[in-house]
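Here is how names work: the chains are called A, B, and so on, in the same order as the sequence lines, proteins then strands, and each is numbered from 1.
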Amino acid sequence: MKLLVPVKRVVDYNVKVRVKPDGTGVETANVKMSMNPFDEIAVEEAVRLKEKGIATEIVAVSIGPSQAQEQIRTALAMGADRGILVETADTVEPIAVAKLLKAIVEKEGPQVVILGKQAIDDDMNATGQMLAALLGWGQGTFASKVEIADGAANVTREVDGGLETVRLKLPAIVTTDLRLNEPRYASLPNIMKARKKPIETIKPADLGVDTTPRLKVIKVEEPPKRQAGVKVASAAELVSKLRNEAKVI
Amino acid sequence: MTVLVLADHDGASINQPTRSAIAAAGKLGDVHLLVIGPEAVAQAGAKIAGVAKVLHAATEHLLAEPAAALIQSLAGNYTHLLAPGSALGKNVMPRVAALLDVQPISDISGIVDADTFVRPIYAGNALATVQSSDAKKVITVRAASFDPAAPEGGSAPIEPAQPAADPGVSSFVGAEIVKSERPELTAARVVVSGGRAIGSAENFKILDGIADKLGAAVGASRAAVDAGYAPNDLQVGQTGKIVAPELYMAFGISGAIQHLAGMKDSKVIVAINKDEEAPIFQVADYGLVGDIFKLIPEIEAELNK
Ligand SMILES: Cc1cc2nc3c(=O)[nH]c(=O)nc-3n(C[C@H](O)[C@H](O)[C@H](O)COP(=O)(O)OP(=O)(O)OC[C@H]3O[C@@H](n4cnc5c(N)ncnc54)[C@H](O)[C@@H]3O)c2cc1C
Ligand SMILES: Cc1cc2nc3c(=O)[nH]c(=O)nc-3n(C[C@H](O)[C@H](O)[C@H](O)COP(=O)(O)OP(=O)(O)OC[C@H]3O[C@@H](n4cnc5c(N)ncnc54)[C@H](O)[C@@H]3O)c2cc1C
């Protein structure tokens, strides 16, 4: 079975982003970019399914600027077989990402699409659910365990209060949570091999999708800053301050 | 304008994040509450202040696929479709949005007008004000940003909602839900959190004394959850729960950006860490440098005085 794994190029999770002075967005020039961490988990899960003999081919897809090839290469080095870059310099919202992915799904015919539960830049937590809706497929979001057998996926999900397991008919959508697995580091030989794996580049228009944003960003600003407070010397002083100064206990 | 809010519940009562979503909805128009679940939950919903009508669809398990189909079938009557930004809301609402060809607006922390909303991006390091051009708005609400509607005071009529055809692509297998005596993390007045420093699941209990004394919810960092010291739903942070209690106490948590994203709007922050350079101290109102295993019993003793 074929698996599709969308991987997003985002500002690295270690970077503390700065809001642009003109309030139009955040500073992304000269900032370290990486694969969205949840997507690394998605690639890892796909590679494990291939290693177990359940999957036969893994296609990594990214929608973004030409540099998003780097993130596809990372996926290829981790074990994906080939890549598709939908190249665009524009802002692409989840609704458009989902439509582009739907078009690719219809071409490629994967049995499972594994996405990250959320991209750590825009924090929308939406794309997988939207793709599932557009395809009319079942969705196993926030997965901490995935078992595929007999034309179905049993997905254990991280929900409020604990865990829930759903059974999805294939084809289906899975979105990854943090506890699904620990992604591997690509080895040097695999990084070398990945250079030879094919990446196809297409444009949103080739897929017949209109990516005009529905949300207009009016402004982006910094949240109010917290001031560092005081250090106290003892448990007694702490409790006394909480009682008498902050009055919260 | 009439706004539909999807209720999140545990099969008996409606949670506080839903009441926050109801409060947010009230700023936009009349509020109808959709309860998918047992009759008792619909009755609880009818009592919430500000709810004009309850729509009730009786089902045993709330799965995203039939729930989204139901909301799509009701959407014609509403300008805005809201849900709390809980695991349920995040699972269902983007699916609803796609069915309606709408770009959802996730996790709003403010309402400017009927089309314009504020939402945190980049782990809360930036606040974006976005204006939607979609005919209907599909929104999840950050509970910590809206004071919840009162659980009592309303007396809304309850009407049955005709469940839409189940797409039949998913089924419920089972759940392991831990019932806790403690308040919900996102609703608690005080949150006491432990990090990697706690060291084991067994050790996590050392927070119980302080939590009991203060009526607090217990939270955890991702490192503590990943290590299996605490269950997943206690994770506070960018990719866990967002909390804004009166008092947040962090024990042995370093203060990574992703953790701060989940708690930095707390009114008062206390940090206890043996490393005086730990970044958590940069946001703490009160910092105490030292070993948590020595200080936790001392703090507990002081609270008992
Ligand atoms: C207020 C605001 C400000 C914005 N600012 C910017 C900006 O400064 N710069 C900018 O480039 N964009 C910006 N955007 C657009 C934003 O990046 C898109 O909305 C984004 O492509 C999708 O949202 P998300 O990544 O949060 O989706 P999520 O639903 O959180 O993503 C979940 C998963 O979907 C998959 N996925 C999502 N997007 C892609 C993709 N492009 N390629 C492959 N897989 C993907 C991944 O598997 C990911 O883990 C902004 C949007 C808004 C609303
Ligand atoms: C995609 C992604 C999403 C993430 N989402 C989240 C999230 O939602 N929430 C979250 O919390 N993290 C999240 N993280 C992880 C985050 O980056 C940090 O790794 C994590 O918060 C660290 O947890 P910690 O502070 O408990 O552990 P550490 O960083 O290891 O800190 C432990 C602290 O305990 C102190 N300490 C040790 N022993 C003692 C002692 N005996 N007494 C006192 N102090 C002691 C140390 O000085 C140190 O400061 C995410 C990361 C990624 C990449």
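Most heavy-atom pairs under 4.5 Å with chain B, from the set A:Leu242, A:Thr175, A:Ile249, A:Leu178: that is A:Leu178. Among A:Lys225, A:Glu164, A:Met130, the residue with the largest count of heavy-atom pairs under 4.5 Å with chain B is A:Met130. Listed options A:Leu168, A:Asp160, A:Val166, A:Thr141 were ranked by heavy-atom pairs under 4.5 angstrom with chain B; first place goes to A:Asp160. Of the residues considered (B:Asp107, B:Thr116, B:Val102, B:Asp115), B:Val102 shows the highest number of contacts with chain A, using heavy-atom pairs under 4.5 Å. Counting heavy-atom pairs under 4.5 Å between each of B:Pro231, B:Ala64, B:Pro245, B:Pro104 and chain A puts B:Pro104 at the top. When B:Glu276, B:Lys241, B:Lys294 are compared by the number of non-hydrogen pairs under 4.5 Å with chain A, B:Lys241 comes out ahead. Counting heavy-atom pairs closer than 4.5 Å to chain A, the top-ranked of the candidates B:Asp10, B:Val283, B:Leu247, B:Leu288 is B:Leu288. Between chain A and the residues B:Val112, B:Leu127, B:Ile177, the most heavy-atom pairs under 4.5 angstrom are made by B:Leu127. In terms of non-hydrogen atom pairs under 4.5 Å with chain B, the most contact-rich of A:Gly161, A:Gly138, A:Ala152, A:Gly140 is A:Gly161. The most heavy-atom pairs under 4.5 Å with chain B, out of A:Ala228, A:Ala233, A:Ala172, A:Ser144, come from A:Ala228.
Using a 4.5 Å cut-off between heavy atoms, B:Ala284 contacts chain A through its backbone alone, with no side-chain atom that close. In this structure, chain A has no heavy atom under 4.5 Å from any part of B:Glu300. Using a 4.5 Å cut-off between heavy atoms, B:Val270 contacts chain A through its side chain alone, with no backbone atom that close. Contacts of B:Pro167 with chain A are absent, with no heavy-atom separation under 4.5 Å from either backbone or side chain. Only the backbone of A:Gln227 comes within contact range of chain B, with at least one heavy atom under 4.5 Å from a heavy atom of that chain. For B:Leu214, the part lying near chain A is the side chain, with the backbone staying farther off; criterion is any non-hydrogen pair under 4.5 Å. At a 4.5 Å heavy-atom cutoff, the contact between B:Ile257 and chain A is made by side-chain atoms alone. Neither the backbone nor the side chain of A:Ala98 comes within less than 4.5 Å of any heavy atom of chain B. Both the backbone and the side chain of B:Lys267 come within contact range of chain A, each with at least one heavy atom under 4.5 Å from a heavy atom of that chain. Heavy atoms closer than 4.5 Å to chain A are found nowhere in B:Ser180, neither backbone nor side chain. For B:Leu234, no part lies under 4.5 angstrom from a heavy atom of chain A. Only the side chain of B:Glu65 has a heavy atom closer than 4.5 Å to any heavy atom of chain A. Heavy-atom distances place no part of B:Glu184 under 4.5 Å from chain A, backbone and side chain included. The part of A:Val15 that comes within reach of chain B is its backbone (N, CA, C, O), which places non-hydrogen atoms under 4.5 angstrom from that chain. Contacts of B:Ile272 with chain A are made by side-chain atoms alone, with heavy-atom separations under 4.5 Å and no backbone atom involved.
The number of heavy-atom neighbours closer than 6.0 Å to CZ of A:Arg18, taken from other residues, nucleotides and ligands shown, is 12 or below. By the 6.0 Å contact criterion, NZ on A:Lys20 is enclosed, its count of non-hydrogen atoms from other residues, nucleotides or ligands being greater than 12. Residue A:Lys169 qualifies as open at atom NZ: its count of foreign heavy atoms under 6.0 Å is 12 or below. Around the CD atom of B:Glu176, the shell of radius 6.0 Å holds no more than 12 heavy atoms that belong to other residues, nucleotides or ligands.
Formation of a donor-acceptor pair under 3.5 Å by the B:Arg95 side chain with backbone atoms of A:Leu131 is not found in this model. For A:Asp122 (side chain) and B:Ile121 (main-chain N/O), no donor-acceptor pair under 3.5 Å exists by modelled atom type. In this structure, the side chain of B:Gln258 engages the main chain of A:Tyr13 through a donor-acceptor pair within 3.5 Å. For A:Arg167 (side chain) and B:Phe172 (main-chain N/O), no donor-acceptor pair under 3.5 Å exists by modelled atom type.
Expressed to the nearest 0.5 Å, how far CD1 of B:Ile105 lies from CE of A:Met124 amounts to 7.5 Å. With rounding to the nearest 0.5 Å, the separation of CD in B:Glu302 from OG in A:Ser240 is 8.5 Å.
Of all non-hydrogen atoms in A:Ala246 and B:Val268, the two that sit nearest each other are CB-CG2, 4.1 Å. Looking at every heavy atom in both residues, A:Asn125 comes nearest to B:Pro94 through O-CG, 3.6 Å. In plain terms, the two heavy atoms of B:Asn232 and A:Leu163 that are nearest each other are OD1-CD2, 3.5 Å. In this structure, B:Gln103 and A:Ile95 approach most closely via the heavy-atom pair OE1-N, 2.9 Å.
Between A:Val217 and B:Gln131 the shortest side-chain heavy-atom distance does not fall below 4.5 Å. Put simply, the side chain of B:Lys90 reaches to within 4.5 Å of the side chain of A:Phe142, judged on heavy atoms. Side-chain atoms of A:Val19 and B:Tyr122, non-hydrogen and from C-beta on, never get closer than 4.5 Å to each other.
Of the N and O atoms on the side chains of B:Gln235 and A:Arg179, at least one donor lies less than 3.5 Å from an acceptor on the other residue. Counted by atom type alone, B:Asn91 and A:Gln129 present zero donor-acceptor pairs between their side chains at under 3.5 Å. Side-chain atoms of B:Tyr286 and A:Glu245 form a donor-acceptor pair, as typed in the model, at a separation below 3.5 Å.
Under the 4.0 Å criterion applied to side-chain N and carboxylate O atoms, B:Asp285 and A:Lys241 are not assigned as salt-bridge partners. Comment: B:Asp101 engages A:Lys99 in a salt bridge, judged by a side-chain N to carboxylate O separation of less than 4.0 angstrom.
A:Lys231 forms a cation-pi arrangement with B:Phe281, by the criterion of a distance under 6.0 Å to the ring centre and an angle within 45° of the ring axis.
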